[in-house]
Amino acid sequence: MNKSWLKIIAPLFTVALIAAACGGSDGDSGSSSSSDAASSTETETETETETETTEKAEEVIEAGTEAEGDVDTEVEEIVDEVNYGGNITIGLEAEAPGLRPWEDACSSPCLTMVAALHDTMVVQRADGTIGPWLAKSWEANETFTEWTFLLEEGVTFHNGYSFKASTLVEMFELQKVGAIAAGMVTAANIQEIVAVDSYTVKYVLGAAHSAFPSFLVQTGLGAVFEPHAATADFDGYAMNPVGTGPFMMDKRDLDNETIVVRNPNYWMNDQDGNQLPYLDSVTFRPIPDEGTRLDSLLSGTTNAMQTLRQGTIRDARSAKEDGADITLLEFQGNNVGGGMYNLNNPPLDDVRVRRGLTHMNNQDAVIEALGGTGISLPGTQWYSPDSPWYSEKVAAAFPKYDMDAGQALIAEYVNDPDRSDGRAVGDKIEVELSCPPDPTLIAAIQVVEQLWSSSGMVDVNLTNYDQQTHIGYALGAPPDFMGSHGVHCWRWSSQNDPSTELNRQFAPHTLGVAAAYGLDGIYTPTNFPNYFDIEIFGWLIAAIGTDVFEERYALYEMVMMRLARDVPVYFSGHTATLLALDTNISGINGWVLPDGTFGGQGWAVPNLNQAFITD
Amino acid sequence: MLSKVIAARIARLVATLFAVSLLTFLMVEQLPGDPILAILPPEALDDLESIERIRSELRLDDPVIIRYGRWVGNALQGDLGKSYITDQRVSDAIKDRIPVTIELAFLASLIAALAAIPIGAFSAYHEGGRFDRIASAFTTTALSIPAFLAGLFFIWLFTLKFNWLPSTGWSRITDKGILANLKTAILPAGSLALAALAINARLIRADMIGTLKEDYILSARAKGLPSRYILMRHALRPSSLTAITVFGLQFGGLIGGTVVIETVFALPGLGTRLISGIYQRDTMMIQGITLFIATVYVVVNLFIDLLYLVLDPRIRRQ
């Protein structure tokens with residue numbers, strides 16, 4: 001009985017906060033003390049990086065397979081006999097405000113619905129590589145500035161229009177000005193889309209990008225929508241999307257349920273030639289409360305649910321151990337929780353303080369406070385140990401929990417007569433540590449506060465603001481976008497190609513910084529720690545000028561090594577996600593691409609294209 | 001004389017709504033951060049010109065007083081604006097969701113009333129007895145349990161343990177009929193009703209204890225009338241005035257109370273939309289729904305005030 005009560009009480013405190021936003025950090029325009037400290041170790045680091053590059057290139061062949069302590073559900077071939085028909089109801093963590101791929105911000109719930117209604121040009125395989133979907137094949141010119149895609153034929157939209165190369169040209173007119181897509185168009189530097197013939201399309205870029213197809217995996221730029229419907233009723237499309245996807249919109253009752261029904265003209269067949277999809281319909285039900293969402297699955301009110309919360313994953317595991325008839329598909333991608341130091345805010349401009357505070361951050365204790373022990377792996381970089389981009393060298397270089405080392409660095413700063421915060425020698429440093437007001441996040445930062453305060457040299461001011469305010473403080477205001485935050489909870493990275501995020505996040509953070517480095521006009525508001533390093537910027541540009549994996553790997557490893565040295569950001573654990581299903585639902589794990597390879601499961605977004613009910 | 005009193009009450013209502021609208025607007029205005037940053041994702045902020053274009057399109061560059069005046073002016077004409085996040089008209093969002101919220105509040109009031117009457121009456125009749133002590137413990141407990149905690153308990157009991165009722169979702173009467181609708185409404189309405197039930201039961205008990213000491217009740221007892229008849233026929237009506245007053249006040253409060261309970265049960269009511277609006281910093285939605293809830297509350301109160309005037313001549317004379 002007591003245990004049951006705990007199950008009831010625990011979710012009370014986890015109502016409806018979508019966790020900290022994605023973002024990135026880089027570069028350093030910090031104070032002289034910071035720069036000086038950094039430069040003293042720079043030569044040594046670079047030498048190490050160069051000598052180990054060849055060795056690393058061999059190691060990465062082994063990467064991306066199995067990590068120690070890995071808790072991911074492995075992809076397995078579907079062995080159940082497929083059935084047609086039936087409906088499944090999926091509990092989502094929130095309602096999607098809109099379903100316009102080019103216009104509306106999309107997180108896991110929205111992505112789940114958008115993916116049921118729209119196909120993307122290409123998809124990500126389970127091994128992280130890019131595979132075919134609406135685009136059967138593709139190739140680039142030698143300079144990676146022109147990408148030509150051969151499209152599937154015989155694909156129609158839900159309203160009967162045909163999908164052709166010209167569709168992508170028409171879509172581009174909306175994408176260029178779309179709230180979501182425009183930023184991606186800029187990031188990919190797409191100048192023009194040309195219909196070479198009915199089923200061949202060419203993307204012309206303004207600069208080389210060797211990983212360009214990775215942009216077309218993403219909903220914002222890669223989801224194919226019917227441009228006539230979108231143009232005819234721009235606002236209405238948010239409620240009645242028209243894609244080529246396996247399901248069509250049937251009913252959209254906001255905050256209650258969205259029902260999609262089988263697209264009888266769907267273009268794709270399974271590996272045995274059976275037309276997809278198998279299910280008659282899918283009902284999406286937003287259930288913001290984590291505990292209620294899990295209870296709904298356990299009681300049969302829903303058939304599946306998604307979560308990004310470690311506490312809910314723990315409860316689902318516990319329910320399964322207690323005999324619940326559910327399948328758990330766990331996934332731990334590259335997204336990693338932690339935070340950032342605002343380099344515009346002394347004493348965080350000094351690398352000794354950043355490294356010292358990071359050393360005094362006990363990751364295991366923080367993960368335990370988050371409820372993630374045994375679920376979430378500690379983070380040391382943008383990439384999880386399963387990722388092909390993961391580097392053991394970076395993992396070794398990132399400051400580990402070591403109170404003595406941390407206190408020594410903080411003491412060095414505190415006793416420095418030229419300390420950047422202007423305080424007297426010997427005075428404590430003062431930092432603001434802020435997280436959104438989620439109970440688990442608060443518990444986590446309280447652990448950090450205790451550790452830092454116990455040094456006797458750090459005054460910690462804990463603050464909690466709602467999600468939008470939290471982001472707003474980190475972002476700052478136009479035109480400079482220099483946030484007023486101190487130490488700020490945040491999440492980093494994704495399953496996408498490193499270039500899609502790092503190139504933006506590590507660009508100059510103000511126009512002034514850009515001008516100082518001769519990069520006039522190149523700046524980003526999403527360089528949240530206000531850290532710029534011209535070498536990192538150069539490495540990132542070089543990494544999209546080659547498609548040789550080993551070369552790219554070496555460059556990204558250098559970037560991560562620099563971050564491990566300068567520590568503009570710190571990490572707690574990788575973000576574990578879960579799809580929990582009735583055991584009679586199959587086809588979610590082990591779905592295949594048209595070329596027969598396995599597709600991936602990222603960010604608790606189920607691919608419903610091949611889902612079916614086994615009995 | 002009566003018309004003056006009514007005019008004064010209506011003037012007070014207008015003043016209250018004006019204060020609510022101003023406070024709501026200013027409080028949302030005082031939230032830190034640029035509203036444009038809530039509208040656009042960080043990835044779209046590279047282009048400063050487009051930021052300023054959108055700011056100008058939404059007229060967010062006007063002074064606060066101008067924007068407030070425009071919002072109030074439009075609201076008086078029934079136009080509460082358009083969501084910055086979803087592009088949906090706020091009045092449409094309210095229209096879509098108000099049936100759910102009203103039904104929940106109504107059902108909760110009904111449950112509170114129907115359960116409170118027998119509990120209050122029999123507690124009074126058996127004052128100090130075992131039933132009274134049990135009822136007192138129940139009402140004390142019910143008052144101390146927040147509605148959302150009661151909701152989670154009900155989900156555990158009626159969904160997980162017995163699997164009698166669904167934990168989430170809302171069946172609209174127009175889609176699936178009244179029975180399916182009640183199956184989805186009963187748990188949230190019950191959760192919402194708990195505190196109101198406890199208050200009403202205590203009020204009825206207190207009033208009825210006094211009534212039961214009246215001479216005409218003693219006379220009825222002396223005649224040998226059955227206890228149930230005396231309680232329901234002779235004692236309940238004069239003991240219900242306070243409770244009826246509170247019922248009315250509670251209805252307005254329950255509309256606001258649905259905010260949390262709708263989130264727990266994932267119901268498509270005003271509360272869910274308001275919470276989403278707060279998380280998304282959807283200022284127009286927050287302002288519009290808050291003003292609407294406040295309007296319902298003060299109108300219900302006005303109605304009760306006017307009802308007093310009609311029912312009680314002493315108040316009219318005052």
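Every heavy atom of this structure was used, including side-chain atoms; hydrogens, water molecules and symmetry mates were not. Proteins come first, then strands; the chains are lettered A, B, ... in the order of their sequence lines, and each starts at number 1.
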Problem - Heavy-atom proximity to chain B below 4.5 Å, by part of A:S299 - result: both

Completion exercise
Rounding to 0.5 Å, atoms CH2 (B:W156) and CG (A:D295) come to a distance of 11.0 Å

Handout entry: Polar contact flag, side-chain donor to acceptor under 3.5 angstrom, B:R281-A:T469
Key = yes

Practice task
Give, for atom CD1 of A:I287 and atom CG of B:L267, the distance between the pair rounded to the nearest 0.5 Å.
Solution key: 10.0 Å

Practice task
Starting at CG of A:L297, measure out to OG1 of B:T168 and round the result to the nearest 0.5 Å.
Solution key: 10.5 Å

Problem - Audit row: B:T159, A:T301, side-chain contact (heavy atoms from CB on, under 4.5 Å) steps and yes/no - result: CA-CA 9 Å; B:T159 303; A:T301 304; 4.1 Å; yes

Exercise for the section: For residues A:P97 and B:Q280, report the shortest heavy-atom separation together with the two atoms involved. Expected result: CG-NE2, 3.3 Å

Exercise for the section: Examine distances only and state if a side-chain atom of A:T292 and a backbone atom of B:V264 form a donor-acceptor pair shorter than 3.5 Å. Expected result: yes

Exercise for the section: Taking the side chain as every heavy atom from C-beta outward, state whether B:S276 and A:E95 have any atom pair closer than 4.5 Å. Expected result: no

Problem - A:K320, NZ atom: more than 12 neighbouring heavy atoms under 6.0 Å - result: yes

Exercise for the section: Evaluate the side-chain proximity of A:N256 to B:V100: yes if any heavy-atom separation is below 4.5 Å, no if none is. Expected result: no

Practice task
For chain B, find which of A:D104, A:D253, A:L298 contributes the most heavy-atom pairs closer than 4.5 angstrom.
Solution key: A:D253

Practice task
State, yes or no, whether a side-chain contact exists between B:D87 and A:R100 at a heavy-atom distance under 4.5 Å.
Solution key: yes

Practice task
Mind checking the CG-OG1 spacing from A:D255 to B:T272? Nearest 0.5 Å is all I need.
Solution key: 5.5 Å

Practice task
Go through B:P268, B:A266, B:G169 and name the one with the most non-hydrogen pairs under 4.5 angstrom from chain A.
Solution key: B:P268

Practice task
Decide if atom CZ of B:F106 counts as having more than 12 heavy atoms of other residues, nucleotides or ligands within a radius under 6.0 Å.
Solution key: no

Handout entry: A:L254 side chain reached by B:R97 side chain, heavy atoms, under 4.5 Å
Key = yes

